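Small disclaimer: the values here were computed from a predicted structure and weren't measured.
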Amino acid sequence: MPNVQLSATPSRSRFMIELLLAFLLTRFPYIFIPFKWFESYFHELSHGIATLLTGGSVSHIQLFPNGAGFCFSQGGSSILIAYAGYFGAALWGYSIFLMATQKQTIRFTLTLLALTVAASLLFWARDVLTIVILSVLIILFLLPLKLKNSNLLNTLLRILGLMIILNAMASPMVLLGLSGQGDAVMLAEMTWLPAWIWVITWLAFSGFMLLLCWRKVDRKKGVSK
């Protein structure tokens with residue numbers, strides 16, 4: 001019984017409602033913009049982490065109001081760095097969803113995510129637009145802490161995690177249609193594998209992350225009140 005009380009794992013029906021809300025919020029004009037920034041940030045953060053893990057260095061990241069972004073780096077494995085963006089964003093989305101299935105750590109999770117963005121702002125933000133966008137993301141992570149209802153906090157964070165995964169699925173499809181642009185095109189140039197192959201692997205991985213979210217729900221069968 002204590003485990004049930006501490007669990008914020010949603011029921012199947014609640015998960016489907018949250019997934020639908022996540023999908024709709026990524027489609028509403030203007031409203032979706034700050035949520036798109038989350039995916040863009042975790043995309044560029046994943047590029048940066050891959051750079052550091054493969055022995056390179058990150059100069060700075062740059063984010064734009066339309067959700068585009070760049071990670072400027074030197075050294076490291078170019079292929080792994082280029083691949084890490086959409087892969088990492090989907091993984092971050094699932095990790096956030098997973099962390100949001102625990103009631104007792106939800107405030108710690110939001111604070112930790114805000115500190116992660118703050119560290120990126122401190123070390124990797126150089127231009128005004130990026131500083132403003134990252135500052136907005138920090139505020140969006142910290143604002144829910146004023147809510148006393150921890151169940152609502154968990155719900156909001158689960159929806160955010162699902163939104164990041166959905167955006168990680170949609171973004172490479174859009175970039176595929178832009179000649180000479182995007183991580184898929186870069187990977188195609190570096191490996192001789194066509195860009196659509198890389199897009200399929202990102203879509204498959206993002207779909208797998210959604211499946212893991214569903215399996216978490218299906219296995220626990222908890223109900224968030």
Search all heavy atoms of Ala89 against all heavy atoms of Ala168 and return the closest pair with its distance.
CB-CB, 4.1 Å

Ring centres under 6.0 angstrom apart (Phe38, Phe141)
yes

Mark yes or no for whether Trp202, through its side chain, and Tyr83, through its backbone, hold a donor-acceptor pair below 3.5 Å.
yes

Shortest non-hydrogen contact from Arg107 toward Leu147
NH2-O, 2.6 Å

Side-chain contact, heavy-atom cut-off 4.5 Å: Leu45 with Trp124?
yes

Nearest heavy-atom contact between Leu187 and Ile79 is CD2-O, 3.5 Å

Please find the pair of heavy atoms, one from Thr54 and one from Ser77, that lie closest to each other, and give the distance.
OG1-N, 3.1 Å

Sole residue of Val217, Leu210, Leu160, Ile164 in side chain to side chain contact (heavy atoms under 4.5 Å, CB included) with Phe97:
Val217

Between OG on residue Ser11 and CE on residue Met16, distance to nearest 0.5 Å
11.0 Å

Close side-chain approach of Leu113 to Leu157, heavy-atom, < 4.5 Å:
yes

How long is the span from the CG atom in Leu143 to the CG atom in Leu145, to the nearest 0.5 Å?
8.5 Å

Answer yes or no: does atom CZ of Phe70 have more than 12 heavy-atom neighbours from other residues, nucleotides or ligands under 6.0 Å?
no

Side-chain heavy-atom pair Tyr41, Thr116 within 4.5 angstrom cut-off:
yes

Less than 4.5 Å apart, side chain to side chain, heavy atoms only: is that true for Leu80 and Leu53?
no

ILVMFWY network linking Phe72 to Leu129, side-chain heavy atoms under 4.5 angstrom:
no

Connected via hydrophobic side-chain network under 4.5 Å: Phe208 and Tyr94:
yes

In this structure, OG of Ser120 is separated from CG of Leu134 (nearest 0.5 Å) by 6.5 Å

Hydrophobic cluster membership, Leu112 vs Ile49, 4.5 Å side-chain cutoff
no

Applying the 4.5 Å side-chain criterion to the ILVMFWY set and letting contacts propagate, would Leu211 and Phe205 be lumped into a single cluster?
yes

Taking atom CH2 of Trp37 and atom OG1 of Thr130, what is their separation to the nearest 0.5 Å?
11.0 Å

Donor-acceptor contact present, side-chain Arg158 to main-chain Pro10, <3.5 Å:
no

Separation of Cys213 SG from Leu162 CG (nearest 0.5 Å):
5.5 Å

Side chain to side chain, Ser46 and Phe87, heavy atoms closer than 4.5 Å:
no

Under 3.5 Å donor-acceptor, Asn154 side chain and Gln102 backbone:
yes

Tell me whether Ile139 shares a hydrophobic cluster with Leu142, the cluster being built from Ile, Leu, Val, Met, Phe, Trp, Tyr side chains joined at under 4.5 Å.
no

Do Thr105 and Met99 have side chains that get closer than 4.5 Å, going by heavy atoms?
no

Looking only at heavy atoms, what is the nearest atom pair of Asn167 and Lys36, with distance?
ND2-CA, 4.1 Å

Rounding to 0.5 Å, atoms CD1 (Ile165) and CG (Leu212) come to a distance of 8.5 Å

Tell me whether Thr101 contacts the main-chain N or O of Thr9 through its side chain, where contact means a donor paired with an acceptor under 3.5 Å.
no

Relative to the ring of Tyr86, is the ring of His43 parallel (under 30°), tilted (30 to 60°) or perpendicular (over 60°)?
perpendicular

Contact check, side chains of Leu19 and Phe23, non-hydrogen atoms, under 4.5 Å:
no

Compare all side-chain heavy atoms of Asp183 with those of His47 and state whether any distance is below 4.5 angstrom.
yes

Which atom names give the shortest non-hydrogen contact between Arg126 and Ser59, and what distance separates them?
NH2-O, 3.4 Å

With distance as the sole test, does Glu44 use its side chain to make a donor-acceptor pair with the main-chain N or O of Cys71 at under 3.5 Å?
yes

